[in-house]
Novice: 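Pasting a structure below so you can have a look.
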Amino acid sequence: MTNPRPRVLFVSHEATLTGAPMMLLHLVRWLSANSDLDIEVMLLEDGPLAGAFASVARRVMVRPPHPQTITGRLLNRLALPPDLDDGVSRSGLETRFRTSLGVRVRKRRQPPQHWDLAYVNTIVGTYALPMIDLSTPVLVHVHELLDQPSIAEWLDRNARFIADLERRQPQFLAVGERVKDGLVRRLGVAPSAVEVCYEFIPTDAIHVEPAAAAAARAELDLPDGAFIVGGSGTMDWRKGIDLFVQVASRMRARGIDDDAVRFVWVGGDDNAHSQIRYDIARMGLGAMVQVVPTTSDPRPYFANFDVFALTSRIDPFPLVCLEAAALAKPIVCFDSGGMPEFVEADCGYVVPYGDVEGMTERLDQLRRDLAMRELMGTNAAAKVRARHDLDVAAPGILDSIRRAMS
């Protein structure tokens, strides 16, 4: 009698077109084609990637993070995120709502299920732990910097989930050394329980047809010969689009013509876009700075960049930088988060945290030095393929999964 295939549950905190869910989708696709794992996926929030997960997993469950109570189910129907913009957690809002109405809630008890392993993607994914029985081994792939303000606050508000996690004695994967350091310092995790596994992408898929790149350039009406500084991400404090605009302003202050330099940011919602448009207009940068709404394929825009400017205040290890690097774009970033571990001394420049003038200087240096720009871009493309390719990283993660199951 043959042994059954190991049942592994992969938990994603959401199914958005963002780094951690995208990386998990790449991994699950690879495991589906290259292992004997019986793959199930639990999404704590629905999103545009749900269908892609369903195409490679035997079963996909969409489980809201607070399904156990009447008020929790009501909040789920309202489609509120787990953490609201004003800093109030969804669980906290549920408690306030229940208390204000004087409602006694009957729990909807569902027995926890058993798997051969629960692979929890992100620390926020620990919301799923009450649905997983204590005999299931847990492997947590941490994508967050634990000193990031929103994550530090989340940890404080959700101590019960962290206590449950500690009780299970999980193994950890960290997407960089700084993330590992946060686990050791903030949660007291033993260094031996944390393995560094840098973020990865399927580099073979990162290519752009010349016609698609030309169409994106025509859409943006970029002048021939202009130096294009690219950025990408959600329009929030953490990603630092406001700093991106400030760098553009400093570049203008150097007397550089709008036709010589353009700044292009890809991604962001309409509400934030209106705020950034206000800044751009008040700073007189309407001809220099352009914002492209969120798109399922940003690569044709990336192909037109001469350099990628990562203005994130805190970013564990952004996939957009790896995608830009795969297209041979050098990277300039702040000395924060995990990207300095990739850039090092050969793929771009690292400047002090928040040093807008220093970033402007490095970008201007690359604008004036084509040979250095091309060398650093070539180095970046070679490094991302050698260190951060899906086919390089996934076998090691599969080994970690098997060790955690045993």
Side-chain angles (χ1 to χ4, degrees), residues 17 206-236 239-312 318 320-321 323-333 348 356 359-370 373-374 376-377 380-381:
L17 296 168
I206 309 298
H207 65 274
V208 180
E209 295 296 330
R217 192 174 190 91
E219 175 193 333
L220 297 174
D221 194 23
L222 299 176
D224 292 338
F227 178 70
I228 311 301
V229 179
S232 184
T234 53
M235 294 184 178
D236 55 22
K239 292 290 186 178
I241 189 174
D242 58 318
L243 300 180
F244 186 80
V245 174
Q246 289 178 35
V247 171
S249 179
R250 298 292 178 90
M251 192 73 82
R252 163 75 69 73
R254 293 175 174 235
I256 299 172
D257 187 81
D258 290 341
D259 287 338
V261 176
R262 290 291 176 89
F263 285 72
V264 177
W265 182 280
V266 180
D269 63 78
D270 290 340
N271 290 334
H273 191 181
S274 65
Q275 297 166 0
I276 293 301
R277 280 201 307 265
Y278 179 85
D279 279 353
I280 291 170
R282 289 298 304 268
M283 297 167 79
L285 297 172
M288 181 177 279
V289 180
Q290 293 169 272
V291 178
V292 178
T294 299
T295 173
S296 60
D297 186 9
R299 289 168 292 186
Y301 300 100
F302 285 15
N304 286 286
F305 297 167
D306 290 295
V307 60
F308 191 93
L310 182 70
T311 52
S312 295
V320 289
C321 286
E323 293 172 354
L327 293 170
K329 312 302 178 185
I331 297 164
V332 180
C333 66
V356 172
M359 180 168 285
T360 306
E361 173 59 35
R362 287 303 193 182
L363 290 171
D364 198 22
Q365 183 178 346
L366 288 171
R367 179 184 70 88
R368 292 180 278 107
D369 192 338
L370 175 61
R373 191 165 79 230
E374 291 180 341
M376 288 183 164

Novice: With the side chain counted from C-beta on, respond yes when E323 and F308 share a heavy-atom pair under 4.5 Å apart, and no when they do not.
Specialist: no
Novice: Under the criterion side-chain contact (heavy atoms from CB on, under 4.5 Å), I'd like the reasoning laid out for V261 against L363: C-alpha separation, chi angles, the key distance, then a yes or no.
Specialist: CA-CA 10 Å; V261 176; L363 290 171; over 6 Å; no
Novice: Between F263 and V247, what is the shortest heavy-atom contact and its length?
Specialist: CE2-CG1, 3.8 Å
Novice: On a heavy-atom basis, which atom in V208 and which in P300 lie closest, and how many Å separate them?
Specialist: CG1-CA, 3.8 Å
Novice: With the side chain counted from C-beta on, respond yes when V264 and F305 share a heavy-atom pair under 4.5 Å apart, and no when they do not.
Specialist: yes
Novice: Tell me whether the count of non-hydrogen atoms from other residues, nucleotides or ligands lying under 6.0 Å of CD in E209 goes above 12.
Specialist: no
Novice: Between E361 and R254, is the closest basic N to carboxylate O distance under 4.0 Å?
Specialist: yes
Novice: Looking at CZ of F244 and OG of S312, how far apart are the two atoms once the value is rounded to the nearest 0.5 Å?
Specialist: 11.5 Å
Novice: Mind checking the CE-CD spacing from M359 to Q246? Nearest 0.5 Å is all I need.
Specialist: 11.5 Å
Novice: Report yes or no: does T360 contribute a side-chain atom to a donor-acceptor pair with the main-chain N or O of M251 at less than 3.5 Å?
Specialist: no
Novice: Evaluate I280 against Q290 for side-chain contact (heavy atoms from CB on, under 4.5 Å), listing each step before the verdict.
Specialist: CA-CA 9 Å; I280 291 170; Q290 293 169 272; over 6 Å; no
Novice: Heavy-atom distance under 4.5 Å between the side chains of M376 and L366, does that happen here?
Specialist: yes
Novice: For K239, is there an ion pair with D236 - N to carboxylate O distance below 4.0 angstrom?
Specialist: no
Novice: Would you indicate whether R368, at its atom CZ, is surrounded by more than 12 heavy atoms from other residues, nucleotides or ligands within a distance under 6.0 Å?
Specialist: yes
Novice: Kindly determine whether M283 and V289 satisfy side-chain contact (heavy atoms from CB on, under 4.5 Å), including the steps that lead there.
Specialist: CA-CA 10 Å; M283 297 167 79; V289 180; over 6 Å; no
Novice: What is the minimum heavy-atom distance between L17 and S296, and which atoms define it?
Specialist: CD1-CA, 4.3 Å
Novice: Taking Q365's backbone N and O only, do any of them form a donor-acceptor pair with R373's side chain (distance below 3.5 Å, no angle check)?
Specialist: no
Novice: Roughly how far apart are Q275 CD and R277 CZ, rounded to 0.5 Å?
Specialist: 10.0 Å
Novice: Quick one: ring pair (Phe, Tyr, Trp, His ring centres under 6.0 Å) partners of Y301, sequence neighbours excluded?
Specialist: none
Novice: Evaluate V292 against L220 for side-chain contact (heavy atoms from CB on, under 4.5 Å), listing each step before the verdict.
Specialist: CA-CA 9 Å; V292 178; L220 297 174; 3.7 Å; yes
Novice: Taking T234's backbone N and O only, do any of them form a donor-acceptor pair with W265's side chain (distance below 3.5 Å, no angle check)?
Specialist: no
Novice: Whether the side chain of N304 engages the backbone of A213 through a donor-acceptor N/O pair (distance < 3.5 Å, no angle test) should be reported.
Specialist: yes
Novice: Restricting to non-hydrogen atoms, name the atom on G348 and the atom on P330 that form the minimum distance, rounded to 0.1 Å.
Specialist: CA-CB, 4.5 Å
Novice: If you round to the nearest 0.5 Å, how far is CZ of F227 from CG of L222?
Specialist: 13.0 Å
Novice: How close do G240 and T311 get, heavy atom to heavy atom, and via which atoms?
Specialist: O-OG1, 2.9 Å
Novice: To the nearest 0.5 angstrom, please state how far the CG atom of L243 sits from the OG atom of S249.
Specialist: 12.0 Å
Novice: Working to the nearest 0.5 angstrom, can you tell me the gap between R217 CZ and D224 CG?
Specialist: 6.5 Å
Novice: Within the side chain of D306, is there an N or O that forms a donor-acceptor pair under 3.5 Å with the backbone of I228?
Specialist: yes
Novice: Provide the closest heavy-atom pair for I331 versus C321 in the form atom of the first, atom of the second, distance.
Specialist: CD1-O, 3.6 Å
